[in-house]
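A short worksheet on the structure shown next.
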2 protein chains.
Amino acid sequence: MADEERPAELDFWSFIELAHHRLATEYGFRHQLATEVLLTLNRASDLVTYDLESAVHRPRGLSWSSFRLLFVTWLAGPLEPKRAAVLTGMSRAAVSNLSKPLVADGLLERSPGEHDGRSVLLSLTEHGHRTMEELFGAHNEREYQWTSVLSETEQRILVMLLNKLITNRDQFDLRERS
Amino acid sequence: MADEERPAELDFWSFIELAHHRLATEYGFRHQLATEVLLTLNRASDLVTYDLESAVHRPRGLSWSSFRLLFVTWLAGPLEPKRAAVLTGMSRAAVSNLSKPLVADGLLERSPGEHDGRSVLLSLTEHGHRTMEELFGAHNEREYQWTSVLSETEQRILVMLLNKLITNRDQFDLRERS
DNA sequence: GAGATTTAATTAAGGCATTTACTATCTCAC
DNA sequence: GTGAGATAGTAAATGCCTTAATTAAATCTC
């Protein structure tokens, strides 16, 4: 059974192998391993995120982004929208837009800042707090289902390698959200 | 210098530590390492993707998604929109929408399928092919900048661990795009 | 302390991807 | 072969997130 003759089995995940193979043999690109690492990283992240969103959050009426905002507010709040934007990795405008329905649903609260008339503080309501405990419980169980194929040591190595991958982002002019 | 008193240094990346710490000490969640692994995975993927998109693809007038579609068409094409959707991880409708401007710009070509009157084949034009070689060159250089903090062995371990993380996705009722 | 600059948040407009609904074609059962 | 159901692709509507413009309040300069 020749390896080149199995297009029918190709899917989102295994496409990485095809890419690696063709980039190596047909084009003279120098850094195939870099492509393989980052494609794998992206696709793993997408698969897990899509699964968590559709299994845990959508059924409860929340988007992935809403969850992220509630999550940082839960753990780092009360905080200003600007800081929530940094911690979630969204724009400030996105935080503002996402807040609206969450406030209307009674999960999130906005109160004027203490020392700055422009500022606002986001915090969870009592209901929001209880919701997060239940919600994160379900989220965390499913996270565990995903990660439990790896031993604890493997998980720590994975975290360590990803941390290392990211640490030199200062060494070149990284593009970040403003 | 107490660890609890450094909120000013907290950013998108280091938020993971705060989450880990609070989930461990203040809430009784069982699977903190799972959360740490998947938060790290997501944030690393988001950082790299955002950087590649804004440094390489946006300046050339392409979105990240457009690049993904061109990339799979380049390496696995000519192919049907349905297969392009599977390989990119988008919906068929997204492929249809994305194709339109790419065809208009002369990068992509649609031709009627051979054996099926409903079907269509997507392929790169000659211009699209040349564009991808230049574009992927730039993309690949920047990928290399990212990954070169890791040794070749570390990169292979990372790929292996991510592969392992994904392999048991069949063991529970994974949610995938239809 | 008045005017200019900077900063926080929101609003507005636009882009992109998703879901849902629709059309056309194919397959299969009878 | 005819009709029911499945499948490919597209179109329409919706949602989310981005950038740019706007409003308001702080700070800095002289």
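A straight line from CZ of F67(A) to P of dC16(D) spans 16 Å, rounded to a whole angstrom. In this structure, N97(B) places its CG atom 8 Å from C1' of dA11(D), rounding to the nearest Å.
Salt bridge status for R130(A) with E126(A): present, with a side-chain N to carboxylate O gap under 4.0 Å.
Among the nucleotides dG9(D), dT19(C), dT19(D), the one closest to the side chain of Y50(A) is dT19(C). Taking the side chain of K82(B) as heavy atoms from C-beta on, and the options dT18(D), dA8(C), dA8(D), the nearest nucleotide is dA8(D). The side chain of M90(B) lies closest to dT18(C), out of dA8(C), dT18(C), dC16(D). When the nucleotides dG9(D), dT18(C), dT18(D) are ranked by their closest atom to the side chain of S91(B), dT18(C) comes out on top. In this structure, the nucleotide among dA9(C), dT19(C), dA20(D) sitting nearest to the side chain of V120(A) is dA9(C). Of the candidates dT19(D), dC16(D), dA8(D), dT19(D) carries the atom nearest the A93(A) side chain, counting heavy atoms from C-beta on.
Side-chain N or O atoms of S14(A) include one that pairs as donor or acceptor with a backbone N or O of D11(A) at under 3.5 Å.
Look at S96(B) and you won't find any side-chain N or O under 4.0 angstrom from OP1 or OP2 of dA11(D). A close approach under 4.0 Å does occur between a side-chain nitrogen or oxygen of S119(A) and OP1 or OP2 of dA9(C). In this structure, K100(B) does not reach the dT10(D) phosphate: none of its side-chain N or O atoms is under 4.0 Å from OP1 or OP2.
Cluster membership for L70(B) and L18(A), using ILVMFWY side-chain heavy atoms within less than 4.5 angstrom, is shared.
Residue R68(B) is out of contact with every strand shown, counting any heavy-atom pair closer than 4.0 Å.
Of the residues listed (T88(A), L87(A), V86(A)), the one engaging F15(B) in a side-chain contact (heavy atoms from CB on, under 4.5 Å) is L87(A), and it is the only one.
Mapped onto DNA chain D by nearest heavy atom, A94(A) and P81(B) fall at different nucleotides, with P81(B) at the one closer to the 5' end.
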